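Take a look at the structure below.
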Amino acid sequence: PARIDVLDTVREAVDGLRPIAESNRLSLRLEGVSVDVFADRDRVQQVATNLVGNAMKFTEAGGEIHLSVASGPNGFALITVRDTGIGIMPNDLEKIFDLFFRVQGQVTQEPGSGLGLAISRRLVELMGGEITAQSEVGVGSTFTFTLPEAASKA
Ligand code: ADP
């Protein structure tokens with residue numbers, strides 16, 4: 001881990017996914033403020049790529065994926081990935097971070113391993129943060145992860 005600007009780091013990952021978003025006719029937006037966190041740049045990008053990748057898989061053409069980076073309470077940066085996709089039922093929502101878990105019978109049967117979110121949770125926790133999900137079927141899903149802010153320079 002090192003001092004990194006999390007907005008910058010997430011932007012790089014998001015820019016790499018723009019071509020896929022465009023070819024799927026998905027709007028992909030990122031907004032927020034620069035926040036210095038103490039984290040591993042490659043791993044933060046891996047988590048962001050997983051979350052945005054999922055959002056793109058489970059959102060129909062014409063939908064929106066919106067990321068935001070903010071400085072949250074208690075010295076943690078807050079990174080949110082919100083989609084207007086198919087959503088996740090409450091029963092499934094409890095299990096999506098489990099190894100190999102995939103929601104059955106989804107309208108969009110997308111390829112996948114069920115590993116992405118389990119790995120993302122592990123990585124975020126190793127960096128001292130947390131990852132959570134909220135969702136409403138037919139409305140969309142929001143994934144949020146936190147990372148410890150780096151102590152101010154000075
Ligand atoms: P994978 O996407 O490879 O199957 P993940 O661990 O990343 O594995 O995700 C687990 C499951 O959670 C997915 O198969 C899907 O059913 C559900 N899921 C994850 N992200 C979303 C999302 N943004 N919208 C709807 N369902 C999702």
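Given the structure is predicted, the values throughout are model-derived calculations rather than measurements. Reckoned from all heavy atoms, side chains included, excluding hydrogens, waters and symmetry mates. First listed ligand is number 1; within each ligand, the first listed atom is number 1.
Under a 4.0 Å heavy-atom criterion, Phe97 is not in contact with ligand 1.
Checking side-chain atoms of Thr146 against main-chain N and O of Glu130 turns up a donor-acceptor pair under 3.5 Å. The backbone N or O of Phe101 sits nowhere less than 3.5 Å from a side-chain atom of Asp98 that would complete a donor-acceptor pair. A distance-only check finds no donor-acceptor pair linking the side chain of Arg3 to the backbone of Asp36 [under 3.5 Å]. Although no hydrogens or angles enter the test, the distance criterion places no donor-acceptor pair under 3.5 Å between the side chain of Arg82 and the main chain of Glu64.
Distances below 4.0 Å separate heavy atoms of Phe143 from the following atoms of ligand 1: 20 (N), 23 (N). Ligand-side atoms of ligand 1 in range of Lys57: 1 (P), 2 (O), 3 (O), range being under 4.0 angstrom from any heavy atom. Remark: ligand 1 atoms within the under-4.0 Å shell around heavy atoms of Ser141 are 24 (N). Close approach of ligand 1 to Leu117 (heavy-atom distance below 4.0 Å) involves ligand atoms 5 (P), 6 (O), 7 (O), 9 (O), 19 (C). Near Leu115, meaning under 4.0 Å from one of its heavy atoms, ligand 1 places the atoms 6 (O), 8 (O). Near Gly116, the atoms of ligand 1 lying under 4.0 angstrom from a non-hydrogen atom of the residue are 5 (P), 6 (O), 7 (O), 8 (O).
Inclusion of Phe101 in the set of residues having an N or O under 3.5 Å from an N or O of ligand 1 is not warranted.
Screening Ile96, Ile88, Leu93 for a side chain to side chain contact (heavy atoms under 4.5 Å, CB included) involving Ser141 leaves a single residue, Ile88.
Residue contacts with ligand 1, taken as heavy atom pairs separated by less than 4.0 Å, do not involve Leu51 at all. Contacts of Val103 with ligand 1, taken as heavy-atom pairs under 4.0 Å, involve both backbone and side chain. Proximity of Asn50 to ligand 1, defined as any heavy-atom pair under 4.0 Å, is confined to the side chain (atoms from C-beta onward).
Closest approach of Ser71 and Val33 over heavy atoms only: N-CG2, 4.3 Å. The two residues Leu26 and Glu60 have their closest heavy-atom pair at CD2-O, 3.3 Å. For Ile4 against Arg41, the heavy-atom pair with the smallest separation is CD1-CA, 3.8 Å.
No side-chain N or O of Thr132 forms a donor-acceptor pair with one of Thr144 less than 3.5 Å apart.
Nearest-residue assignment for atom 8 (O) of ligand 1 (options Gly114, Ala118, Gly140; heavy-atom criterion): Gly114. Here the shortest heavy-atom distance to atom 3 (O) of ligand 1, taken over Gly87, Ser113, Ala133, belongs to Ser113. If you check each of Val137, Ile65, Ile119, Ile96 against atom 17 (C) of ligand 1, the one with the closest non-hydrogen atom is Ile96.
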